[in-house]
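Side chains are part of it too, since the values below use all heavy atoms of this structure and drop only hydrogens, waters and symmetry mates. The structure displayed is predicted, hence computed values, not measured ones. The sequence lines fix the lettering, A, B, ..., with proteins before strands; numbering per chain opens at 1.
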There are 2 protein chains.
Amino acid sequence: MRYHRTDIVQYAIGVLDQYGLADLSMRRIAAELGVQPSALYHHFVNKQALLAAVADEILARGGRSVEPDSAWDKQILSECRVLRNAMLAYRDGAELISTVRAFGLGVRVPHGELAETIRSAGFDDSFSRAAATTILHFVFGQVSYEQLSLQAHSDGAIDSSVDLPAGDAAYEFSLGLMLIVDGIRMRQPSYER
Amino acid sequence: MRYHRTDIVQYAIGVLDQYGLADLSMRRIAAELGVQPSALYHHFVNKQALLAAVADEILARGGRSVEPDSAWDKQILSECRVLRNAMLAYRDGAELISTVRAFGLGVRVPHGELAETIRSAGFDDSFSRAAATTILHFVFGQVSYEQLSLQAHSDGAIDSSVDLPAGDAAYEFSLGLMLIVDGIRMRQPSYER
DNA sequence: ACCTGAACACCGTTCAAGT
DNA sequence: ACCTGAACACCGTTCAAGT
């Protein structure tokens, strides 16, 4: 059997979802494909590049938010919800995306869309980009934590004395996002009371 | 030579600062101590526990914010600045703390203080905790990213086509924090215009 | 209480060679 | 173009045994 980059990414997503990020090794992916580990290096320069491709595919599968012509704040909430769902759809999805970003690799995270949406509310480029970054930091942190506590409840592997969020995750997500969006709105030139 | 937990943590911080988180291995710490790797397991059940201790020590060295009796929002900014400085003081400090948190281990992160400060502004427990969590997600994400781009500029190891923040990190930090704090303030029962 | 020495079951990556 | 086979230089962790 001969494979392409895309086949490998599909299998890798399967491994991720079944075994988790900690067990997403080159050797395991290779084994799953019925191939020698070294074969993967014909398709990806290294493991980081493979993980980046997996991260991009997970985000791509989540789709894009298309709120026709609703208000900028509704649009942001919608874009973030799509992003959150994309990550929640696979085991350790948020951790994977965070990890790839921590490598300094480019992941097709919707920073541009968010910044554009904010700019459409009348902000300049520099502010819009910074605000979009703020939103993304929150989203990745929140969803990673959310996914961690999901896992903590399913297996017993996590120290229960720490007790994680526990509160309604979807609520916490909306609340945090709303705080940031409100903070942005307050800075609109046209903002009154 | 015989060591205690605390000695090992000191050496581990040295290894972290010199070689980075990726090279902070049990074997390297042991080598630095002039001891067999297995010796470390007499002091820590596993690597995660050792990393958690290192994370706690780094945060402890950062100290605590003591803004006598200034306004709640100033207090929050101060607490976050202290936290940021603590992480920036060591190579990969923010990544380390994020990693330990991702394990589901308890790190002595100032969540309680932040929540208490917010509660002092007149919010209920549930909201205060959620808002504190929002702030921390932002802070860890932001400072990790900040530290990544510091590293990207010092070595050439990071894909320069991705080009990271580039903007003034301290400014971005303050801005993001301010957005969240403003969002919180807007929800104060006593808030007017 | 603290450590050694040896082993086990893994990693990511390289490289010559095959088809 | 895609893969094998073998090797290299690492990991974290366990465990019997030493002092």
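In this entry the distance linking OH of B:Tyr3 with P of C:dC2 reads 13 Å, nearest Å. When the P atom of C:dC10 is taken as reference, atom CD1 of A:Ile29 falls 16 Å away, rounded to whole Å. The distance from atom NE2 of A:His42 to atom P of C:dT19 is 16 Å, rounded to the nearest whole Å.
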In dot-bracket form, how is DNA chain C paired, counting a Watson-Crick or G-U wobble pair only if both its distances are under 3.5 Å and using | for bases paired to another strand?
-> ||.|||||...|||||.||
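The distance from the CG atom of B:Leu16 to the OH atom of B:Tyr90 is 9.5 Å, given to the nearest 0.5 Å. Distance CZ/A:Arg101 to CD1/A:Ile97: 10.0 Å, rounded to 0.5 Å.
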Heavy atoms under 4.0 Å is the rule here; annotate nucleotides 11-17 of chain C 5' to 3' with B where the base is hit, S where only the sugar-phosphate is, and - elsewhere.
-> BBBBB--
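With hydrogens and angles disregarded, a donor-acceptor distance shorter than 3.5 Å links the side chain of B:Asp56 to the backbone of B:Arg108. The backbone N or O of B:Gly122 sits nowhere less than 3.5 Å from a side-chain atom of B:Gln188 that would complete a donor-acceptor pair. Distance alone, capped at 3.5 Å, is enough to place a donor-acceptor pair between the B:Asp7 side chain and the B:His4 backbone. Side chain of A:Arg61 to backbone of A:Ala86: no donor-acceptor contact under 3.5 angstrom is found.
When the P atom is used for both C:dC10 and D:dA9, the distance is 22 Å, rounded to whole Å.
One side chain, B:Glu79 or B:Thr117, offers a donor N or O that lies under 3.5 Å from an acceptor on the other.
Taking side-chain N and O atoms only, A:His4 has no distance below 4.0 Å to OP1 or OP2 of D:dA1. Note on B:His43: a side-chain N or O is less than 4.0 Å away from OP1 or OP2 of C:dC3. Contact annotation: A:Gln36 side-chain N/O to D:dG5 OP1/OP2 distance is under 4.0 Å.
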